[in-house]
Every structure is written in structure tokens, then in C-alpha cells.
2 protein chains.
Amino acid sequence: MQLSKATPKSERKKALDEYILKKRLKSTKQRDIIFDEFFNYPGQHVTVEELYEKLKKQNPKIGYATVYRTLKLFKECRLAFERNFGDGRARYEPVKFEGEHHDHLICIGCGRIIEFANLRIEQYSREVAKLNDFEVLNHKLELYGYCSSCTRKRDK
Amino acid sequence: MQLSKATPKSERKKALDEYILKKRLKSTKQRDIIFDEFFNYPGQHVTVEELYEKLKKQNPKIGYATVYRTLKLFKECRLAFERNFGDGRARYEPVKFEGEHHDHLICIGCGRIIEFANLRIEQYSREVAKLNDFEVLNHKLELYGYCSSCTRKRDK
DNA sequence: GTAATATTGATATTGAATTTCAATTTGTGA
DNA sequence: TCACAAATTGAAATTCAATATCAATATTAC
Ligand SMILES: [Mn+2]
Ligand SMILES: [Mn+2]
Ligand SMILES: [Zn+2]
Ligand SMILES: [Zn+2]
């Protein structure tokens, strides 16, 4: 299905339900609960562990493996991105709208992450791919450094 | 020390020796052996395991931990890059000359890796950083997709 | 409802990265 | 050359996130 910009939750739910139907998977309480928690999670780029801890408060019986598998499912049906910022644990974030793409500035001081999308960069990436006869499916651009407040602290 | 473009091995060796002196580390046979093997390694982007296996043939007594630690040392003194292409194992490659930087096209079909450097992309990255008041120290751009021969195979 | 199939969650396993530690090697300076 | 302090080595143990296992349970199609 087509997700419009700033996909409301109901549309996401529909997309998930369609995927479950298509793949002959099953709707479960757990998937609903994790769905709600994930798409309402206040922070960006949550780890499995973080989401699991949050979920356990309301649902002490939920298992880590289920959270892990459900986030993989969201990724599979393109409702979530999996990210790896080099700290050795995968992070997940909702896809904001169908086909969305963005990249990241990552502060190595405080861990702050800023998202951006730059058309020029995308354009030149495509050029590089073409030049090398590559069919690019996705890409990852991460800028590592210090955010303004960490720069200030360091200058002192 | 300043490395000139296409740093010859002797210059790299000097740089390493200087770093060892500065940090009050010690010169060892093992470090020399690993140095030789790493900077002469025929493939790009070698894993610790791969280099270790190669080294063991001539030096059965060398330990995995030593190879691991020595590659970290090369990284520390900026003679090597550590890469992570998403297959769960770190890879190392020689820095070609001081301050060198390049990015990667990665074939998810056959694992082929093509290196590139694109000044425009670097330039726009800097712009993005500036816009967000970020002091960027390094960045990583990876384009994932299919190389020409894998595209051909898939089209059949 | 029944049967087939998928899911769950506790637990075990995997595998790369990293640490530990006793034995050894190296650099320093008398 | 010698002795001491400090760093290094290599085998083995540990860590830790990711993933697999599997019996019990839940869901779906008929
Ligand atoms: Mn993001
Ligand atoms: Mn490279
Ligand atoms: Zn910061
Ligand atoms: Zn290929």
C-alpha cells in the first residue's frame, strides 16, 4: 500500500496487517503491543533492549526474543529502519513515510543524533554508482563529530 | 611525521616507530612481522581472522590476540582504517597516504568492494555539518547494491 | 471444533570482540 | 653487562549482542 507523508498510525497498522496477510503470518497481541510502543516511543533510534525494558513495565510476560523478532518484522515490511552507529547494538526507527530516506550526524561526545537529507549528496552518490556500473539499492552516510554544545565544552 | 602520497613502506615503518617511541611502547618481532604481512596483503579490507591465518603459516606461534591488538595499534597511529561493512566482522585496510579518505561501493551479491572519493559529496557533507553546527571529524559513505556482473546474473 | 501452522518466551548457543594473566621480552640506566 | 621496571605475548576465559532451539500456546482456515 501507499503510505502518504507523515504516515498516521492507522495507515502503518494497515500496512502491517496487509503484510501479515500476504505472508500468511498471524496477528497476535504481542505484535500489537510492540507496534504501539515502538511507533509511540519518544526517543529516536531505540535499541531492542530499550524497547523491551519499556514494554516489560506494562507487560511483564513479554519476551526479549519476541521484541527482537517483531522489530525485524517491521524492518522486513519497510515500516522500520535498522541502524548501526558503531556502538555494537542495532537501533530501530520508524520509517516516516513510504520510501523515506535520511542520513545522520552523530555526536561522539554526547551521542546526540541529528537527521538530515541532502538531495545533492544523493545525486552525486547516484553518479558515482553509475560511473562504476553499480546498481545501488540503498546507502548510508554518517558524519561523526561534535555537536555545538560538545564543541563548546571541549573548547573550555 | 608527514607521509607523502603513496607512502612507501619505509615511511610507514618510520611513522610506526615514531609512534612507538612517543607512546613508550616497545618494538617487537611480532609487530614487525604483522606490519610486513598487513602492508603487503594482496586483498583489500582484511579481517583479523584472515590476516591471522595467513601469518600462522609462516609463524605458527603467533597469537590471534596479538594480531588483533596490532591492527588496533595501526589504527591508533593512523596507518590503518577499520571498516565495518555490516557482515559483523571488522576489516582493516592500509591508509594510502596521510589524511587519505575514501568511501565504498559494496556489492551485496558477490561482496566486491569498489573504492571512490568524490569531492562534491565531501563538500556537501561539510555544508550539512555547518548548517547543523557540527564539527565533523570523519564520515562514512557506503553505497550498497549490485555490481555489473551481479546485475547481469540477476537479470537472467 | 479440529487440524495445521505460526508464535511465544525461556533458555541455549553462537561468534566476534575483548580481557585476563602468567611467562617472556624489551628498554633503560647503573 | 646486568638488573629492574614496564610492556608484550599467547592461550584461554569472558563478554555481550544476535540468533537459534523447542515445547507450550495461540491463531487461522476449513
Ligand atoms: Mn534516523
Ligand atoms: Mn577501502
Ligand atoms: Zn554532543
Ligand atoms: Zn557483485
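Basis for what follows: all heavy atoms, side chains included, without hydrogens, waters or symmetry-related copies. Chain A is the first sequence line, chain B the second, and so forth, proteins listed ahead of strands; every chain is numbered from 1. Here the structure is a predicted model, which is why all the values come from computation and not from measurement.
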In whole angstrom, what separates [X]'s [atom1] from [N]'s [atom2]?
{"X": "A/Glu53", "N": "D/dA17", "atom1": "CD", "atom2": "P", "answer": "12 Å"}
{"X": "B/Leu73", "N": "D/dA7", "atom1": "CG", "atom2": "P", "answer": "14 Å"}
{"X": "A/Ile62", "N": "C/dA10", "atom1": "CD1", "atom2": "P", "answer": "10 Å"}
{"X": "B/Arg91", "N": "C/dA17", "atom1": "CZ", "atom2": "C1'", "answer": "15 Å"}
{"X": "A/Asp32", "N": "D/dA26", "atom1": "CG", "atom2": "P", "answer": "15 Å"}
{"X": "A/Glu49", "N": "D/dT19", "atom1": "CD", "atom2": "P", "answer": "15 Å"}
{"X": "B/Ile34", "N": "D/dT8", "atom1": "CD1", "atom2": "P", "answer": "12 Å"}
{"X": "B/Ile20", "N": "C/dT26", "atom1": "CD1", "atom2": "C1'", "answer": "11 Å"}

Given DNA chain D, 5'-ward residue of the pair B/Lys23 and B/Tyr52, judged by closest heavy atom: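 That would be B/Lys23.
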
Residue mapping more 5' on DNA chain D - nearest nucleotide basis, B/Thr66 or A/Leu21: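 The answer here is B/Thr66.
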
Sugar-phosphate only, base, or nothing, as touched by B/Lys72 at under 4.0 Å among non-hydrogen atoms: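 Sugar-phosphate, no base atom in range.
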
Touch class at under 4.0 angstrom, heavy-atom based, for A/Thr47 against every strand present: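 Here A/Thr47 touches no strand at all.
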
Between [options], which nucleotide has the shortest distance from any of its atoms to the side chain of [X]?
{"X": "B/Arg89", "options": "C/dG27, C/dA16, D/dA7", "value": "C/dA16"}
{"X": "A/Arg31", "options": "C/dA17, C/dT8, D/dA17", "value": "C/dT8"}
{"X": "A/Tyr64", "options": "D/dA18, D/dT28, C/dT18", "value": "D/dA18"}
{"X": "B/Ala65", "options": "D/dA18, C/dT19, C/dT5", "value": "C/dT19"}

Any side-chain N or O of [X] less than 4.0 Å from the OP1 or OP2 oxygen of [N]?
{"X": "B/Tyr68", "N": "C/dT18", "answer": "yes"}
{"X": "A/Gln30", "N": "C/dT7", "answer": "no"}
{"X": "B/Lys29", "N": "C/dT26", "answer": "yes"}

Electrostatic pair A/Lys96:A/Glu115 at N-O distance under 4.0 angstrom: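 A/Glu115 and A/Lys96: salt-bridged.
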
Joint hydrophobic cluster, A/Tyr92 plus A/Tyr41, side-chain heavy atoms closer than 4.5 Å: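 Yes, because A/Tyr92 and A/Tyr41 connect within a single hydrophobic cluster, where side-chain heavy atoms sit under 4.5 Å apart.
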
B/Thr28 vs B/Glu82, nearer the 5' end of DNA chain C by closest nucleotide: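 The 5'-side residue here is B/Glu82.
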
Residue mapping more 5' on DNA chain C - nearest nucleotide basis, B/Arg69 or A/Arg24: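 That would be A/Arg24.
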
Identified ring-ring contact (aromatic ring centres under 6.0 Å, His included) partner of B/His45 from the options B/Phe81, B/Phe38, B/Phe85: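 Filter result, single survivor: B/Phe85.
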
Side-chain H-bond candidate by donor/acceptor type, B/His104 with B/Gln44, under 3.5 Å: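 Looking only at side-chain atoms, B/Gln44 and B/His104 do not form any donor-acceptor pair under 3.5 Å.
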
A/Arg154 NZ/CZ over A/Tyr146 ring centroid, <6.0 Å and within 45° of normal: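 The answer is yes; both the distance and angle limits are met.
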
From CZ (B/Phe116) to CG (A/Leu131), nearest 0.5 Å: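 Going from CZ on B/Phe116 over to CG on A/Leu131, the span is 10.5 Å.
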
